[in-house]
Amino acid sequence: MFNTRNSFTIYHSSFTTIKSLEYRPSEIEPKWRRWWQENQVYKVETRADKPKYYILDMFPYPSGAGLHVGHPLGYIASDIMARYKRLCGFNVLHPMGYDSFGLPAEQYAIQTGTHPAVTTEQNINRYREQLENIGFSFDWSRELRTSDPGYYKWTQWIFMQLFNHYYDLEADKALPISSLVARFEKSGNVGVKAACDDDTPVISPGDWNQMTERERQLFLLKYRLTYPGEAFVNWCPALGSVLSNDEVKEGVSERGGHPVERKLMNQWNMRITAYANRLLSGLDTIDWPESIKDQQRNWIGKSVGAAVKFALAEGTNSPEGTTIEVFTTRIDTIYGATFMVLAPEHELVNVIKSEEQAAEVDGYVRWAAARSEIERMAETKKVTGKFTGAYAINPFNQERIPIWIADYVLAGYGTGAVMAVPSGDQRDWQFAKHFDLPIVPISDAQKDLDQAADPTKEGRYINSRLINGMSYEEAVPALIKWLELHNVGKGKTQYKLRNAVFSRQRYWGEPVPAYWKDGVPYLIDEKELPLVLPKIDKYLPTESGEPPLGRAENWKYKGSEYELSTMPGWAGSSWYFYRYMDPNNSNTFCSKEALGYWQDVDFYIGGSEHAVGHLLYSRFWNQFMFDIGLVPHAEFAKKLVNQGMIGGRSNFVFRAKERFFEQFLQKAILIPFFKEFGPNVISSGNYEEDYTYDFTFDKSDLVIEVTSIERQEKIERIKENSAKEGKRLLVLFTETLADHINEPNKIADLIARAMESLEELIVPVDKPVSRQLFVSHDLICDYIADSFTALHVDVNIVEADVLKLENARELPMFEKANFKLNNDGKFTCSHELEKMSKSKFNVVNPDDMVAEHGADCFRMFEMFLGPITDAKPWNTQGISGVSGFLKKFWGLFFDKNGNLAVSKDEPNADELRALHQCIKKVTEDLERMGMNTCVSHFMIATNELRKLNCSKQSVLEPLVIMLAPFGPHIAEELWHILGHENSVCDASWPSHNEEYLKSDTKEYPIQVNGKLRGTVELPSDVTAADAEAAALGLDQIQKWLEGKAPKKVIFVPGRMINIVV
RNA sequence: GCGGGAAUGGCGGAAUUGGUAGACGCGCUGGUCUCAAACACCAGUGAUUUCACGAUCGUGCGGGUUCAACUCCCGCUUCCCGCACCA
């Protein structure tokens, strides 16, 4: 209905179709890719006459390694959906671009001096080639790159908007900083409820008005949504950069695994905490995988509780009126607080420690500070801590409780201090047990407190003065009310989420559009955007330790120094989905018209590894952009799907150690000699022993030593030894054995001759050819496990775990190697599932798959592997099934002589049923992303039509249309063979007709007591009574009734009959 | 420890609101074609048992609900992913 395209498009007609019995993807595919390009078939316009559908892939970082078969999985799925939606009449936006700023290109620049832009360009070209090869329907005219100044101009512009706004808690949205200034002038910040730094002082209008310009700017930084500030950061010396929390895994950098240390640095930050609650509640409005939402909830870490101020007991070293604030989610347990614990880093530790305890406390603080993150995490079970000598007062009962320090309390969370309730909290309980501190029960429902803490909220409170006898629900509000009344605390919500560090001490990123004057940052003029990355001589920090931009000549704005750090990787990816809507606009990040039409992403697809990085930061930026009216929705993606990882299937070959040869000699060769020379003796079970021989015999003075030709020193020692003992010595080189491994008779001959000879020393004269031996995997179970070294072998020279020997011999690792083959004359490898990576030699390149089987086959095979969301191993073996299907489908269009066989005849009922069954199933399955079963349905339909010998256009044409999203090239070819001149992309998706699916009869299964005992053919519209009669009339059913009358007969129309006896 | 997901033939995986478990494909076995091989095509292929008809068992384990359970409920086991001393 929306197919207006063919009315105004003139298609190039120089393309001829290939009418041949044989399906040849290598001829068809490049041809149509060119045709699509020449006719701009995938060009997308903003047009109001069609409903829009925006389907987006998470854009890739173009790495030097290129794409492997795991990458396109999501792209293929999204391409199928995009093409399907287009056939359904939607105007589909399905763009692709590159997240092209990033560390690897810069690391490479440091090593080689090549500008990262050059490397990036090369990598992008390679990606583009690989992507084009697969036949995606991307509108390449919308391609974008985050490192393009035309793009990052707007990244910088959004940064400026963040700088110019603060978060107003009353309006619950971002407001201009200018309105904040107006309020300060009028009434100071007393009435202002806004997200700001914790240490923001209260000021009066007078204070504000007396401030110098510099002081005002510094004060405003406490409110701006992006601001520079001293913060502990994850500093990675090896990478020379600050890393965000999600770039650090287990105390080392995610990329490269370098150590990371905490360092105080002046950094730009993003006040994401202002949005904590909205980022949390927004999750309930979007259709995203539950695991992603949970990870984000966890990362935001909202806890509702109370802040309580504990005064210090008399006699404690501290200024008058000092209190220690703690945060607790269990204020109801406060009467059970028998001690307090501070983090060793807590600022009051040094103040309050008593003189007697000072030495111990200092020692502990030093010890704790010296421990690495890894040590801390490894020893979470170990209880450590010291008493400070100081006491605090519980505000509720005025009891003195000792203050301890311990590193189970984290400086970075809450206030860095906890009230310890050993009866209710397991960590506090362990601490109390260890240091023999009192444990006071606080609820009548608590049990077994001598075994463990019991955090129950059941029961009634005891030992809790104010709340004795109350339930949890009653106690909490009562206590908070009391706290606020007595001004010693308040109800409080705490978030684990920290403000995000935004600076990177790096070159290859967006320059921050700010300059410094008098220690205060200012934004550059908007007209100066983009602030383009300057040229520098080297991509390293300056001698004084400043970021690489410090090397740029004249890197100044009107005489003032620019900010030297650049933005992190996530800056450019936090808003790119809008740029695709209007990619070349130089006046705005995206026009109102484009935004008004495309709105937001309908369907976002990508890997789950971005759960809390990209997906949280981009939601944050989007909420902000929504607040200030830039974008129409608070959430940018309605629906999100994670494609599962494709695991690599690694292959291993087994290289023989000396120990193998000794065993081999024994098992395969020496046993026949026993009769004549008596059983041989193997030296002491340890084959590797240096001073005894590998083999000696009862009735022969010959001894045998197996060793590498390279171990001359060992051979000399053995020679001396045998001469001394009067033994005759046969030295067998492992290399010689390797040479003749597949012809053991030769070795047996050699030994036989040695046995009969009288020579004292026998060393084979032929120089061995082999240096090492590899043993077929199916043979290694006959040997001790330690006889081999397993080595990764390139999976591209292995087929069905059988090594292709001709190809293998060309590899350096198999130079001068011999192979011990199995009984079938083959060499097999073992396999294991691992992550796909270069170092494991298990990377499969999509280009190779396309070259061998065609892009359509590759696309369908990736889908056929299983559900898109599941992790699955890559195994090329099954691809022949899909390839066979495409050949068969192609074959439906031709007769045995290769002539076009498509007829205009009317289809019969069987043919219509096969077609409409397929339409129904494929449509249903596409709607629920079941691409794997779609492929099955195509196979079933094709098999049926082949049996029916059907070549009717009215049946084949709808199938071609349905196949188009999956195998666009073959579909386009067949579409044109059927006589069309436009693209199959502009056809209409067929709909099924239930009438054709009905059949006159149905084979009903008959169960007796739920077990299948027979079937009966019945009319489709059979009544329950008739069905029952027919079922009971069958002999094989009567047999099971044993003459008894059925108790009950259940008849499910169209399903089954069950007889209960 | 917490959260999320999963477990079905030799393998990847199907199975609608509970209704013929194993669709489809790979692999394997047998056959046709061929001098032969490859390709192609046809047939078979969960296990045990039976000459055969058939029977018994069978969706990680143990219970339960139901005429009927891969599917629902209760209790476990194992694996994968994420988080982890979060007060």
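Here is how names work: the chains are called A, B, and so on, in the same order as the sequence lines, proteins then strands, and each is numbered from 1.
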Which word best sums up how the rings of A/Tyr408 and A/Phe431 line up, parallel for under 30°, tilted for 30 to 60°, or perpendicular for over 60°?
-> tilted
Quick one: A/Phe966 CZ to B/C24 C1', roughly how many Å, whole number?
-> 14 Å
Would you mind classifying the nucleic acid contact of A/Asn1058 as base, sugar-phosphate or nothing, using non-hydrogen atoms under 4.0 angstrom?
-> base
Classified by glycosidic angle (syn within 90° of 0, else anti), B/G9 comes out syn
Determine the interatomic distance between P on B/U45 and the same-named atom on B/C24; round to the nearest Å.
-> 12 Å
Which whole number of Å gives the distance between the C1' atom of B/G9 and that of B/G1?
-> 37 Å
Nucleotide B/A87, atom C1' - distance to CG of A/Leu410 in whole Å = 9 Å
When A/Phe889, A/Trp890, A/Phe894 are each screened for ring pair (Phe, Tyr, Trp, His ring centres under 6.0 Å) with A/Tyr23, the one that passes is A/Trp890
Measure the distance from NZ on A/Lys302 to P on B/C83 and round it to the nearest whole Å.
-> 23 Å
Sticking with atom C1', work out how far B/C35 lies from B/C51, rounded to a whole angstrom.
-> 39 Å
Report which part of the nucleic acid A/Gln295 touches: base, sugar-phosphate, or nothing (heavy-atom distance under 4.0 Å, all strands).
-> sugar-phosphate
Rounded to whole angstrom units, what separation is found between the OH atom of A/Tyr23 and the P atom of B/A40?
-> 15 Å
Can you check the A/Ile940 CD1 to B/G25 P distance for me, whole Å?
-> 8 Å
Distance between the C1' atoms of B/A15 and B/G46, in whole angstroms?
-> 16 Å
A/Lys457 to A/Tyr472 six-membered ring, cation-pi geometry met (6.0 Å, 45°) | yes
What integer number of Å spans the C1' atoms of B/U34 and B/A40?
-> 12 Å
Under a 3.5 Å cut-off on both pairing distances, which runs of 3 or more consecutive Watson-Crick or G-U pairs involve RNA chain B?
-> B:1-7 with B:77-83, B:10-12 with B:24-26, B:27-32 with B:40-45, B:46-49 with B:54-57, B:60-64 with B:72-76
Rounded P spacing from B/A21 to B/U71 in Å | 14 Å
How close or far is atom C1' of B/C42 from atom CZ of A/Arg946, stated in whole angstroms?
-> 11 Å
Indicate, with a heavy-atom threshold strictly under 4.0 Å, whether A/Met1056 touches base, sugar-phosphate, or nothing.
-> base
Expressed in whole Å, how much space separates the C1' atoms belonging to B/C73 and B/C86?
-> 34 Å
side-chain N/O A/Lys1011 vs B/C57 OP1/OP2, d < 4.0 Å = yes
Given A/Lys293 and A/Asp287, is the salt bridge (Lys or Arg N to Asp or Glu O under 4.0 Å) satisfied, shown in steps?
-> CA-CA 9 Å; A/Lys293 291 191 190 184; A/Asp287 179 12; over 6 Å; no
Indicate the ring-plane relationship of A/Phe327 and A/Tyr413, choosing parallel, tilted or perpendicular according to the 30° and 60° boundaries.
-> perpendicular
Please tabulate the protein-to-nucleotide N/O contacts below 3.5 Å involving nucleotides 6-16 of chain B, giving atom names and distances.
from, atom 1, to, atom 2, distance (Å)
B/G12, O2', A/Leu865, O, 2.6
B/G13, O3', A/Asn932, ND2, 3.4
B/A14, OP1, A/Asn932, ND2, 2.9
B/A15, OP1, A/Arg928, NH2, 3.3

Using a 4.0 Å heavy-atom cut-off across all strands, classify A/Ser880 as base, sugar-phosphate, or nothing.
-> sugar-phosphate
Set of side-chain contact (heavy atoms from CB on, under 4.5 Å) partners for A/Thr323, sequence neighbours left out = A/Lys309
Side-chain donor-acceptor pair present, A/Lys496, A/Asn298, cut-off under 3.5 Å = yes
Rounded to the nearest angstrom, tell me the gap between atom CD1 in A/Ile879 and atom P in B/G25.
-> 16 Å
Interatomic distance at C1', B/G64 relative to B/G18, whole Å | 15 Å
Within the structure shown, what part of the strands sits under 4.0 Å from A/Lys888 by heavy-atom distance: base, sugar-phosphate, or nothing?
-> sugar-phosphate
Has A/Glu290 got more than 12 heavy atoms of other residues, nucleotides or ligands less than 6.0 Å from its CD?
-> yes
Relative to each other, are the rings of A/His614 and A/His610 parallel, tilted or perpendicular (30° and 60° limits)?
-> perpendicular
A/Arg859 side chain to A/Gly967 main-chain N or O, any donor-acceptor pair under 3.5 Å?
-> no
With a non-hydrogen cut-off below 4.0 angstrom, is A/Val418 in contact with a base, only sugar-phosphate, or nothing?
-> base
A/Asp294 has an atom CG; how far is it from atom C1' of B/G3, in whole Å?
-> 6 Å
